[in-house]
Amino acid sequence: LLGILPHAGTSFLVFETLKPWTRDALGLRSERDLPIWARLMCGGMAGLMAQGASYPLHVVRRRMQVQGRVVGQSKYHSVMHAL
């Protein structure tokens, strides 16, 4: 849940922000008039930004999952320490 919320939120935010900008840049009246290639570009950029925002959280999760555990000791003590 901690990983999917930033990814989905960033993806929707960027996609819905880029659509009006692209519409205006192409001189169209409505977002419905956006060609498929423009929607794909907006979606691709949204995915790129979302992955960039959520990847560090995936790294932390994996590091904490695979860390060696000795009684009373952990390699990583917090999220910031695992980054």
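With sequence neighbours left out, Pro35 forms a side chain to side chain contact (heavy atoms under 4.5 Å, CB included) with Leu26, Leu28, Trp37, Ala38.
Grouping Ile, Leu, Val, Met, Phe, Trp and Tyr by side-chain contacts under 4.5 Å, direct or through others, puts Leu40 with Ile36.
Of the inter-residue distances, the one linking Ser54 atom OG with Leu5 atom CG reads 10.5 Å to the nearest 0.5 angstrom. Interatomic distance, OG1 of Thr10 versus CE of Met49, reported as 8.0 Å (0.5 Å rounding).
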Check: residues 11-18 side-chain donor-acceptor pairs under 3.5 Å, at least two apart:
from: Glu16; atom 1: OE1; to: Lys19; atom 2: NZ; distance (Å): 3.4
from: Glu16; atom 1: OE2; to: Lys19; atom 2: NZ; distance (Å): 3.4
from: Thr17; atom 1: OG1; to: Leu13; atom 2: O; distance (Å): 2.6

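Closest non-hydrogen pair, Ala53 versus Pro56, comes out as O-CD, 3.8 Å. Arg39 approaches Glu31 most closely through the heavy-atom pair NH2-O, 2.7 Å.
In this structure, Arg23 contributes its side chain and Asp33 its backbone to no donor-acceptor pair below 3.5 Å.
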